[in-house]
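Below is one structure, written out as structure tokens; the observations come after it.
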Protein chains: 2
Amino acid sequence: MISVLIVDDHDVVRQGLRFVLGQEDDIEVVGECADGARVLAAIAALRPDVVLLDMVMPGKDGLAVLRELGAEPEGPAVIVLASLVEDEQVIEAIRLGALSYLAKTTAVDRVVAAVRAAAVGDSVLEPGTAALLVQRVRRNRRRNPIDLLTPRELQVLTEITRGRANAEIARALGMGRETVKTHVSSVLAKLGLADRTQAAIFGLQQGLVRLDEALDT
Amino acid sequence: MISVLIVDDHDVVRQGLRFVLGQEDDIEVVGECADGARVLAAIAALRPDVVLLDMVMPGKDGLAVLRELGAEPEGPAVIVLASLVEDEQVIEAIRLGALSYLAKTTAVDRVVAAVRAAAVGDSVLEPGTAALLVQRVRRNRRRNPIDLLTPRELQVLTEITRGRANAEIARALGMGRETVKTHVSSVLAKLGLADRTQAAIFGLQQGLVRLDEALDT
DNA sequence: CGGAAGGTCCCCCTTTTGGGGGAGGAGGGG
DNA sequence: CCCCTCCTCCCCCAAAAGGGGGACCTTCCG
């Protein structure tokens, strides 16, 4: 008997999974959580073999849950069930120990198959996800140009990304504006960009500053 | 008897809704669609009283379906069931004729209530959604600063947002660089921004250029 | 110990940017 | 018809930005 814990903030999803899994003879849904905060406690109490985990939830999201879970090696097998499959999230989730990463668009029998696979430590991936992993392993380290930057340069780039001028950056980071210029120049050179405007766009793309938080000053 | 059509690309969601609604005596699920493309045909064939519509779907999304549906006034009542509730989408969906806008986190009995309400033309909204609508009606037109801009200025701002310098913009838009400077100055003045970098961030926030398409040149 | 890398600041220089005018032409509405 | 907005380009000018040096310090590592 495979015991399963369902973690998803969507009521209909929980009901649907409970219904689908309940029809299998060898699978038993032992509990469900509507948010990430109570997952750790539920796992400790119920000792499920498999956790079906939603990615996007209010409060503590799936990645946060995985991070805390990763600490203990004897934990349950985790299957991520996501609404939208975003590359970085897939990578991060698997890095953090998830066995399978499925979209909610997946046919239910594949979900059931993933549960059975997880119980014995196997993965079930969709073709797109598998391809993504292959990609990653192959060009394992056409590394992010951003980690060419020194810590100080990264701080300066972050300030640029907020839309600040050199003088403001100097004040914010407690250095002379000549120093800021030095850092700006090496940032542009290292990233192959033409000017600070392109640097700001790059910073936003890299998520150095959230788009809706830039410019707020 | 209220006939319902379920439109959602998530298999588990469809199963869940079918299960939940199937337990009600006065509600009958007459069909389901896994993507937006077949919705129009399904409605024509099944003539449902109520459509439960997912927002994010591959191919044709919920808004696109609503847009096409809006053309015919004698259509079914539409309830949007969204994974993530984003303000602009709520407004747009309701503007396009949706009666209710519920998150999938909503308790299932509220969904059932929304179906019964929709059958007689009523709305069921969550508190947050209701508040949003009130907000909109109240400050009905603290308008977007972006429509202070003339068409030409908007084009220049868009180019800035891509990370281009004045000379490039002049070439791209077929004008002198002095003219570009004039437009840049009035853009900055009208938007109350300090320099082109802030203008680029603003343009990205406004969606003039998609973040992942900026800088690509 | 010597060297490399990072951080800080300085100088000089060119280019770009942005503000302040002005001026002509096209089109639109009172 | 005149006025207004928009688009276009021009000039001058100050500030900012960016490139190219160089200098000094610390820390870390072989």
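In the text below, chain A, chain B and the rest are named by the order of the sequence lines, each starting its count at 1.
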Distances under 3.5 Å between nitrogen or oxygen atoms of protein and nucleotides 27-30 of chain D:
none

With sequence neighbours excluded, residues passing side chain to side chain donor-acceptor pair (under 3.5 Å) with B:Glu32: B:Arg14, B:Arg18
A:Asp8 with A:Lys104: basic N within carboxylate O range, under 4.0 Å: yes
Give the rounded distance in Å between these two atoms: CZ of B:Arg196 and P of C:dT15. 17 Å
List the atom pairs, donor and acceptor, that lie under 3.5 Å between side-chain atoms in residues 171-181 of chain B and the rest of the protein, sequence neighbours left out.
none

Could you state the atom-to-atom distance from CG of A:Leu173 to P of C:dC9 in whole Å? 11 Å
For the helix from C:dC1-D:dG30 to C:dG30-D:dC1, what is the angle between the axes at its two ends, each from 5 pairs, rounded to 10°? 30°
Roughly how many Å is it from CZ in A:Arg177 to P in D:dG18, rounded to a whole number? 15 Å
For A:Leu17 and A:Val13, run side-chain contact (heavy atoms from CB on, under 4.5 Å): C-alpha distance rounded to whole Å, both residues' side-chain angles, the deciding distance at 0.1 Å, then the answer. CA-CA 6 Å; A:Leu17 285 170; A:Val13 172; 3.9 Å; yes
Using the side-chain contact (heavy atoms from CB on, under 4.5 Å) rule, take B:Val65 and B:Val39 through it: C-alpha gap first, then chi angles, then the decisive distance, then the call. CA-CA 7 Å; B:Val65 172; B:Val39 175; 3.8 Å; yes
Might you point out which heavy atoms bring A:Val7 and A:Met57 nearest each other, and give the distance in Å? CG1-SD, 3.8 Å
Given DNA chain D, 5'-ward residue of the pair A:Ala194 and B:Met175, judged by closest heavy atom: B:Met175
Could you identify which residues of residues 149-157 of chain A place a heavy atom less than 4.0 Å from some atom of DNA chain C, listed by residue number, or say none? A:Thr150, A:Pro151, A:Arg152
Starting at CG of A:Leu193 and ending at C1' of D:dA17, how long is that distance when rounded to a whole Å? 15 Å
Can A:Val156 and A:Val184 be said to form a side-chain contact (heavy atoms from CB on, under 4.5 Å), step by step? CA-CA 7 Å; A:Val156 170; A:Val184 172; 3.8 Å; yes
Hits for side-chain contact (heavy atoms from CB on, under 4.5 Å) against B:Thr182, two or more places apart or cross-chain, chain-then-number order -> none
Which atom pair, heavy atoms only, marks the closest approach of A:Tyr101 to A:Leu84? OH-O, 4.1 Å
Once you round it to whole Å, what is the distance between C1' of C:dT17 and CD of B:Glu168? 14 Å
Just N and O in the side chain of A:Asn166: are any of them under 4.0 Å from OP1 or OP2 of D:dA16? no
Could you give all pairs that pass the salt bridge (charged side-chain N to carboxylate O under 4.0 Å, His left out) test and reach residues 189-200 of chain A, with sequence neighbours left out? A:Glu153-A:Lys190
Rounded to whole angstrom units, what separation is found between the CD atom of A:Glu159 and the C1' atom of D:dA16? 18 Å
Listing time: all N or O pairs from protein to nucleotides 26-30 of chain C that are below 3.5 Å?
none

Side chain to side chain donor-acceptor pair (under 3.5 Å) filter on B:Thr105, not counting sequence neighbours, yields none
Determine yes or no for a side-chain-to-main-chain donor-acceptor pair under 3.5 angstrom, with B:Gln206 supplying the side chain and B:Phe202 the backbone. no
Within residues 179-191 of chain B, residues whose heavy atoms come under 4.0 Å of DNA chain D: B:Thr179, B:Thr182, B:His183
Contacts table for residues 111-121 of chain A: side-chain donor-acceptor under 3.5 angstrom, sequence neighbours left out:
unit_1, atom_1, unit_2, atom_2, d
A:Arg116, NE, A:Asp26, OD1, 3.4
A:Arg116, NE, A:Asp26, OD2, 2.6
A:Arg116, NH2, A:Glu24, OE1, 2.8
A:Arg116, NH2, A:Asp26, OD1, 3.1

With distance as the sole criterion, is a donor-acceptor pair present between the side chains of B:Thr197 and A:Thr197 under 3.5 Å? yes
Contacts of type side-chain contact (heavy atoms from CB on, under 4.5 Å), residue A:Leu46, not counting sequence neighbours: A:Leu5, A:Val30, A:Ala42, A:Pro48
What is the distance, to the nearest angstrom, from the CD atom on B:Glu178 to the P atom on C:dG24? 17 Å
